[in-house]
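Start at 1 and go down the list; that is how both ligands and their atoms are numbered.
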Amino acid sequence: MIGAPVQASRITVFGAGYVGLVTGVCLAASGHLVTVLDVDESKLESLRAGIVPFHEPELPEVMQRALAAKTLSFAHADAPGAYGEFIFIAVGTPSTLGGSADLRFVRTVVEQIAQNAPRNTVVIMKSTVPPGTGALLSEKLAANGVHYVSNPEFLREGRAVNDWFHTDRIVLGGDTGAVERVAGLYQNIEAPIVAGDISSAELIKYASNAFLATKISFANEIANLCDCVDADVELVMRGVGLDARIGSAFLAAGIGYGGSCFPKDTRALDFLSSINGHDFHLLKAVIDVNARQRLLPIMALHRRLGDLTGVSVAVLGLTFKPDTDDIRESPAIEIIGMLLAEGADVVAYDPVGAAVIDAADFEQAATIEDALRGAGAAIVTTEWEAIATADWAALTRSMASPRLVYDGRNCLDPAAVRAGGGEYLGVGRR
Ligand code: NAD
């Protein structure tokens with residue numbers, strides 16, 4: 001997995017989140033000497049104890065190996081200490097209320113680097129920042145003899161370590177000398193390098209996420225049409241996805257995308273387009289369709305049950321997708337909010353997301369069985385393997401009448417729900 005040993009460089013990484021920690025750990029596992037910095041004391045405490053503070057398969061094992069090899073260490077971002085010759089920035093760039101990317105964390109770090117980094121250091125931007133940002137930051141850093149390279153990250157939570165070592169491409173934007181130095185850090189990874197100017201590199205990241213979001217919203221529009229013309233979206237999208245020009249990835253219909261990237265990055269791209277005088281119609285529609293998909297389970301419950309006051313509803317899955325504990329912009333959280341506002345009694349289940357949520361307003365069950373027992377309706381919000389492969393005939397039998405199961409991820413066998421005496425509803429599924 002780790003490939004050939006590389007010539008060791010000294011590297012500093014700002015941010016020990018999903019991207020920064022994976023970056024630091026994977027570079028350390030590749031033989032570089034890495035220090036990961038953060039400002040969150042509880043995260044640092046956990047990391048110093050050798051514990052990954054979030055759920056990411058494979059990461060704990062690779063981190064243990066790097067710690068044992070003494071190539072990885074952690075420190076507070078304000079602690080005195082020399083930076084490495086390469087500095088990665090992987091701090092958050094959340095949405096502002098207006099939809100733009102909030103660059104406060106990035107600016108703080110760049111300010112700190114500009115004041116403290118020796119000349120000839122290369123700053124590498126892994127955080128997703130709007131096109132135009134890097135050109136300005138690079139001017140600021142160049143005044144102190146520091147180089148800047150945009151290197152957007154494409155890893156997927158839940159498969160981050162694998163994606164790091166087996167990425168489809170490495171995108172680098174900046175001046176040729178600095179880009180070549182950064183490319184050297186990736187010499188143990190076999191992937192095409194797409195190198196060019198900073199703004200194009202930044203836009204590759206946004207365009208990729210916007211395109212994937214477009215595929216999802218497109219599949220959802222087709223699913224909604226399937227409901228109108230009595231067709232089955234699973235069959236339709238299988239037929240569509242087998243066309244090699246289209247591909248089958250990201251064509252699953254459901255209650256829409258969530259997470260820490262697609263929602264904020266599509267909003268930020270729309271915002272960037274607007275303030276630059278371009279009305280990005282297609283992207284606006286993608287965002288609108290996604291927002292509408294989250295209403296589907298609530299609309300379905302209303303149609304079948306009328307008033308939801310006092311109705312016991314099991315919500316299965318809290319995270320925005322399986323194999324992560326990330327609940328940022330998770331459709332499940334929004335759906336729970338709507339159910340509570342309608343007066344429903346919510347019992348939620350998630351194999352890992354429960355640990356990160358402060359659930360004062362609803363109950364959390366320890367097992368799927370506990371969540372479903374006595375519930376009149378259930379909504380599948382995350383396609384966790386444990387949820388998709390459970391014994392749904394038995395689970396449905398344990399529910400209370402009318403045993404309505406809304407499969408927001410089209411991951412259940414409808415026949416099993418029906419065998420248990422329930423009514424199955426999917427998204428565009430017959
Ligand atoms: P995250 O919220 O998990 O982690 C960000 C970390 O930065 C936090 O631990 C925070 O405490 C730390 N931080 C904030 N200010 C700091 C400072 N001054 N010095 C040091 N650390 C500081 O965020 P994430 O999900 O890792 O995302 C980071 C960036 O990568 C974002 O721009 C995101 O859009 C992008 N990205 C994320 C993913 C993903 O799947 N999560 C994938 C590709 C790109």
Would you check if the side chain of E56 reaches a backbone N or O of R159 as a donor-acceptor pair within less than 3.5 Å?
yes
Proximal ligand 1 atoms for [X], defined as those under 4.0 Å from one of its heavy atoms:
X	answer
L37	20 (C), 21 (N)
A77	19 (N), 20 (C)
F14	19 (N), 20 (C)
Y18	3 (O), 25 (O), 26 (O), 41 (N)
A90	5 (C), 28 (C)

Evaluate whether atom [atom1] of [X] has more than 12 neighbouring non-hydrogen atoms of other residues, nucleotides or ligands under 6.0 angstrom away.
X	atom1	result
F54	CZ	yes
E369	CD	yes
R238	CZ	no

If we only count N/O pairs under 3.5 Å, is [X] in contact with ligand 1?
X	value
K205	no
R156	no
D326	no
R328	yes
K43	yes
D38	yes
T128	yes

Measure the spacing between [atom1] of [X] and [atom2] of [Y] and express it to the nearest 0.5 Å.
X	Y	atom1	atom2	value
L395	L372	CG	CG	5.5 Å
I287	L269	CD1	CG	8.0 Å
L21	F74	CG	CZ	5.5 Å

Parallel, tilted or perpendicular: which describes the rings of Y186 and F88, with under 30° parallel and over 60° perpendicular?
perpendicular
Evaluate the ring planes of F262 and Y257, with Trp represented by its six-membered ring, and classify them as parallel (under 30°), tilted (30 to 60°) or perpendicular (over 60°).
perpendicular
E234/R430 ion pair, N-O < 4.0 Å
no
One thing to verify: whether K284 and D279 come together as a salt bridge, which I'm taking to mean a side-chain N less than 4.0 angstrom from a carboxylate O.
yes
Identity and separation of the nearest protein heavy atom to [atom]:
atom	answer
atom 4 (O) of ligand 1	G17 CA, 3.2 Å
atom 18 (N) of ligand 1	V109 CG2, 3.5 Å
atom 39 (C) of ligand 1	E157 OE2, 3.5 Å
atom 36 (N) of ligand 1	V19 CG2, 3.5 Å
atom 42 (C) of ligand 1	L155 O, 3.6 Å
atom 43 (C) of ligand 1	E153 O, 3.2 Å
atom 31 (C) of ligand 1	T93 OG1, 3.5 Å
atom 5 (C) of ligand 1	G92 N, 3.6 Å

4.0 Å heavy-atom contact, K264 with ligand 1:
yes
Nearest non-hydrogen partners of [X] and [Y], listed with the distance:
X	Y	answer
L172	N151	CD2-ND2, 3.6 Å
G247	K215	O-NZ, 3.5 Å
N220	A252	OD1-O, 4.3 Å

With heavy atoms and a 4.0 Å threshold, my read on which part of S260 contacts ligand 1 is side chain
Tell me the contacting part of C261 for ligand 1: side chain, backbone, both, or neither, using a 4.0 Å heavy-atom threshold, strictly below.
side chain
